[in-house]
Amino acid sequence: MKTKSGLGRRAALLIGISAFAVQSYASEPTEVPQQPEFPAQGKITYVPRDSILEFKALPEYKEPAWVTENFVKTGKLPSVAERLPKEPMVFKTGNAPDGVGVYGDTMRHVIGGRPEGWNYSAGQTQGWGGIDIGMSECLTRTAPLFQIEAKDMEPLPNLAKSWSWSDDGKVLTMKLVKGAKWSDGDPFDSEDIMFYWEDNVLDSNVTPLNAASPETFGTGTTLKAIDKYTIEWTFKESFPRQHLYAMAYGTFCPGPAHILKTKHPKYNKDMTYEQYKNGWPADFMNMPVMGAWAPVAYRPDDIIVLRRNPYYWKVDEAGNQLPYLNELHYKLSTWADRDVQTIAGSADFSNLEQPENFVESLKRAAEETAPARLAFGPRVIGYNLYLNFSGNGWGEPDARGQAIRELNRNLDFRKAVTMALDRKALGESLVKGPFTAIYPGGLSSATSFYDRASTVYYPFDVEGAKALLEKLGLKDTDGNGFVNFPADKGGKDVEIVMLGNSDYTTDKSLAEGVIGQMEKLGIRVVLNSLDGKQFDASRYSGRYDWMVMRNEAERASVVQDTPELAATGPRTSDHHRAPEGGQLDLMPFEQELVDTVNTFIASSDDAERANLMKQYQKVVTANLDTIGLTEYPGALIINKRFANIPVGAPIFMFNWAEDTIIRERVFVPQDKQADFELFEETLPGKPGVGEGPAS
Ligand code: BQZ
């Protein structure tokens, strides 16, 4: 029985929506059904923001004994104190679940991606799964914020050790960590920051990984270096604290300017942008990093090995230079195999994100002899069906494609599609049980900004959907079971090409489910299933009609990658960008979303921000900006020998768990250490010098 307020709320919602409504669709939009309870395991202890880390000098520093013996005493490296900044980042012991750690051992990852090369700034992928996260350091850090109290929420310092705002809130001055070095000993300073900003983000010939564009940091924002360790942002708005999130992983993680400049066309006239992007292929070893580990070995389709960075600029409160783990492995396999190997004990870490593996993983983890711990978190994984909204040429569609985009831009067509989806069946096709939930699109139910009363859901109603298609003049005139365009539009079957990511079983399962359910509606959908690299290339270039894609951080956290919640810039949205040299042809509701998101970004008032996200959620779900499919919880699977794993760490929120668990602070107690290291007592060598580390 609905409570008074429930009925009131629902009625208000419906009245609110009737402004969008057309008179004759078969089903009234309603509130999305209450989700089945799913108790996340592992209770998060919320802590103050300043209880995690600080920057300060310590009386003495330590390093693994073999580094001293093999490298310092032999003159190959300066002392650890000379390799560290005057004030390194210090992780506070009180926030480390198991306190100060010990050196040794390896974390063995398995991934489904493959490394293109090491030029992250120019958009090369390293295969995902945390490789780039382990090698890159960014101005701020947000993944560990999952444990921070809401009232204290602000990105953590990282390469930017501190910052201050001008009185009018339009100038943000940032102090960089002073005296930190790249893993090859080259000093880190504002030259690296400005090279990333000016010659990668602002240079339209370059698309950094995770698609950082000028609008990511606010339209009209400028950045300049004041001195080697001071940078200054100038914004159009006052106190746009939101942009501090964009300065975290994956949108502001500078590369080694001393290496990258040698092949950037602005500094080397013999180079093309293509040669710049591909200048450091995957077999280029020892690429200098600011991260805790650098790549020292790569065998295609087999493994990437990374070794500890001797200049890493972070320590624990006892002065031990981090990381504790000497080595990372990245076995090059499939994402599904990552679950299987981790639960079996031949790998150490997985984000259990494919429901097809839930039951088997749960069974194995429940056994006494299970080598790995498994802990489910909130329903942070979601999938949407994206319809390409560009009506003016993004992705260069042919006549057929253009006609589909015009249908995509029609709300009645989108209502027909959403009402033809049996989301309960879609979820159960992945896994039976309390895991999956009906997800109409918009914000993830796991984010604190989620409001069910603001979430519009067009219920499953195939007949109602068919009636809407008929209203649009789409009828099966040739009796083959699929609706046709009207004769004056060629009379052909409505045929849609849907882009899918072949790296994941779940993406394929959902795509096949959508195809089957669209067939019952009378729409022919053909799957174009591409591997992650080609999928991303097609997605960013708009070469698709529809796309099934897993949610990214903006829907799971709202505050991370916020500009991507709407088409806030010409190259920001996943399903509506401007064509080469053209403009964005936004529909009125899209403009409303852009305005709402920009107002949210510019606001520092928590109550206002909460209301703006309710308004966003109502507009985005009532207008079917994307068509939600399903959402479900993920589980962190980690081998039991590791310590300092934060309890309740979600596999995905501000970022993935590879960042959230703070791997540089993870260790294996001496008595549990295994002998998995492949390059014991070695360190990364000279950039590009041969395969394998120096020793
Ligand atoms: C996690 C993640 C770490 C990218 C990638 C992959 C790419 C996308 C996304 C996830 C993988 C794992 O996700 O599935 O569990 O380890 O790497 O980066 O899906 O294709 O482009 O956004 O993060």
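Just so you know, ligand 1 is whichever comes first in the structure, and atom 1 is the first atom listed for that ligand. All heavy atoms count here, side chains included; hydrogens, waters and symmetry mates do not.
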Electrostatic pair [X]:[Y] at N-O distance under 4.0 angstrom:
{"X": "Arg308", "Y": "Glu677", "result": "no"}
{"X": "Arg539", "Y": "Asp574", "result": "yes"}
{"X": "Arg114", "Y": "Asp531", "result": "no"}
{"X": "Glu137", "Y": "Lys314", "result": "yes"}

For [X], the ligand 1 atoms whose distance to one of its heavy atoms is below 4.0 Å:
{"X": "Gly130", "value": "3 (C)"}
{"X": "Asp536", "value": "21 (O)"}
{"X": "Glu552", "value": "22 (O)"}
{"X": "Asn351", "value": "1 (C), 10 (C), 15 (O), 16 (O)"}

Heavy-atom distances under 4.0 Å decide this one: backbone, side chain, both or neither, for Ile651 against ligand 1? neither
Under 4.0 Å, heavy-atom basis, I'd like to know which part of Trp335 is in contact with ligand 1: side chain, backbone, both or neither. side chain
Under a heavy-atom criterion of less than 4.0 Å, does Arg338 contact ligand 1? yes
Does Phe652 have a non-hydrogen atom less than 4.0 Å from ligand 1? no
Using 30° and 60° as the class limits, which term best fits the ring planes of Trp197 and Phe217: parallel, tilted or perpendicular? perpendicular
Classify the angle between the aromatic ring planes of Phe435 and Phe38 as parallel (below 30°), tilted (30 to 60°) or perpendicular (above 60°). tilted
Give me the residue, atom name and distance of the protein heavy atom closest to [atom].
{"atom": "atom 17 (O) of ligand 1", "value": "Gly129 N, 3.0 Å"}
{"atom": "atom 23 (O) of ligand 1", "value": "Trp656 NE1, 3.1 Å"}
{"atom": "atom 16 (O) of ligand 1", "value": "Glu658 OE2, 2.6 Å"}

The one among Tyr540, Trp128, Tyr504 that brings a heavy atom closest to atom 12 (C) of ligand 1: Tyr504
Name the option, out of Lys533, Arg539, Arg550, Glu353, that contains the heavy atom nearest to atom 9 (C) of ligand 1. Arg550
Do the non-hydrogen side-chain atoms of Leu260 and Tyr196 ever get within less than 4.5 Å of each other? no
Are Tyr504 and Tyr383, when compared by the centres of their aromatic rings, separated by less than 6.0 Å? no
Do the numbers put Arg665 on top of the ring of Phe91, so that NZ or CZ is under 6.0 Å from the six-membered ring centre and no more than 45° off the axis? yes
